[in-house]
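Only one structure is covered here, and it is reproduced in the block below.
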Amino acid sequence: MSSSSVPAYLGDEDLTQETRDLISSLPKEKGWLVSEMYQYQGRWNTQALLQGILICQKRFEAKDSDIILVTNPKSGTTWLKALVFALLNRHKFPVSSSGNHPLLVTNPHLLVPFLEGVYYESPDSDFSGLPSPRLMNTHISHLSLPESVKSSSCKIVYCCRNPKDMFVSLWHFGKKLAPEETAAYPIEKAVEAFCEGKFIGGPFWDHILEYWYASRENPNKVLFVTYEDLKKQTGTEMKRIAEFLGCGFIEEEEVREIVKLCSFESLSNLEVNRHGKLPNGMETKTFFRKGEIGGWRDTLSESLAAEIDRTIEEKFHGSGLIFSS
Ligand SMILES: Nc1ncnc2c1ncn2[C@@H]1O[C@H](COP(=O)(O)O)[C@@H](OP(=O)(O)O)[C@H]1O
Ligand SMILES: C[C@]12CC[C@@H]3c4ccc(OS(=O)(=O)O)cc4CC[C@H]3[C@@H]1CC[C@@H]2O
């Protein structure tokens, strides 16, 4: 892929010599949208995102007050960013005063920086300009988090989604991101690669399990939420997040207003999320598709769904983690 209209994370133009040297020693596989993806510390990534992760590991200095949102791709990142941004800024930007809330005119990805993405685009970023508490997001696995994130008292909110919905969301996202590259790639092959763990960001179960156990071992450090609970009881989950983050008392009315502002219906219909583009080339509308639980039924055949279910059963058996659908 080389066209300049292609999202930055699919390219390989800005790789440093250090990244190229490391990459040359890593296991590689044919990617879905890119010709090669690489396995670093157990996870598969594009060269661009891998470089972002390497720089992040080397340079990111967490502060005790930092809040880091962690997800697998397509597990509710955009929504979580909006909810937590609105929550933390509820005094500075009251939702009730309406009309001029940042979320009404800015895509959540521009309000909450994506660590490895920003480091890929601007390796010298230091995030010191962000107001305190700094709010950021990443897809980095627990194992690969920068040392300071683990050693500091910063907080992690992890959001996980039913893997079938996550896969289907990623499948449609990839098709929009690179229609030509994905046209001849059958869904059967994608499901197989997803279940084998050899898919962008995979293996997804290691990612989920690492944060699941981290949240059980250190509940004050890692809060585990699910897309499904957020969908079924957004207000209750938001109050749980607020308590975990030490946000203090929140009026019920404020909770209702934030939930409404950040709902799929509200965000997906805003002009900025219908026609905008992020600096990395991604169209903002690609982050909003159906926003439902169980939408996988429209895309996965019974046998493909069963294949993912078998993997879920095998990998999560005994963990205590159960996915609702
Ligand atoms: N406010 C919101 N409420 C619920 N789901 C949302 C949402 N904003 C985005 N989503 C959904 O979250 C998924 C994108 O995840 P991410 O933000 O991690 O990239 C998409 O799922 P679907 O493709 O199933 O619709 C998208 O529609
Ligand atoms: C992480 C990301 C969602 C996934 C995007 C992605 C999907 C598939 C790709 O091709 S391949 O590696 O499987 O061949 C590449 C990418 C790169 C961009 C990824 C997005 C960046 C931010 C989104 O959450």
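We use all heavy atoms of the structure for the numbers below, so side chains are in, but hydrogens, waters and symmetry mates are not. Numbering of ligands and ligand atoms starts at 1, following listing order.
- With ring centers used as reference points, H139 lies 6.0 Å or more from F204.
- Contacts between V34 and ligand 2, counted as non-hydrogen atom pairs separated by less than 4.0 Å, involve both the backbone and the side chain.
- At least one heavy atom of Y227 sits less than 4.0 Å from an atom of ligand 1.
- Looking at atom 26 (C) of ligand 1, its nearest protein heavy atom turns out to be F287 O, 3.3 Å.
- Checking only distances, M37 never comes within under 3.5 Å of ligand 2, N or O to N or O.
- Distances from atom 2 (C) of ligand 2 to the heavy atoms of H139, K198, K30, E29 put H139 nearest.
- Looking only at atom types and distance, the side chain of D126 has a donor-acceptor partner in the side chain of S128 under 3.5 Å away.
- Distances shorter than 4.0 angstrom occur between a heavy atom of S263 and an atom of ligand 1.
- Ligand 2 lies less than 4.0 angstrom from a heavy atom belonging to F173.
- The option from K285, R161, M282, H172 that lies nearest to atom 21 (O) of ligand 1, judged by heavy atoms, is R161.
- For atom 19 (C) of ligand 2, the nearest non-hydrogen atom from the set L49, N45, T71, N137 belongs to L49.
- The local environment of NZ in K28 is sparse, with at most 12 non-hydrogen atoms from other residues, nucleotides or ligands closer than 6.0 Å.
- At least one heavy atom of M282 lies less than 4.0 angstrom from ligand 2.
- Selection from S75, C262, S169, S268 by nearest heavy atom to atom 22 (P) of ligand 1 gives S169.
- K74 counts as a contact of ligand 1, since one of its heavy atoms falls under 4.0 Å from the ligand.
- Ligand 1 lies out of reach of E292, whose nearest heavy atom is not under 4.0 Å from it.
- For ligand 2, one of its N or O atoms has an N or O atom of W32 under 3.5 Å away.
- Under 4.0 angstrom from ligand 2, the non-hydrogen atoms of L10 all belong to its side chain.
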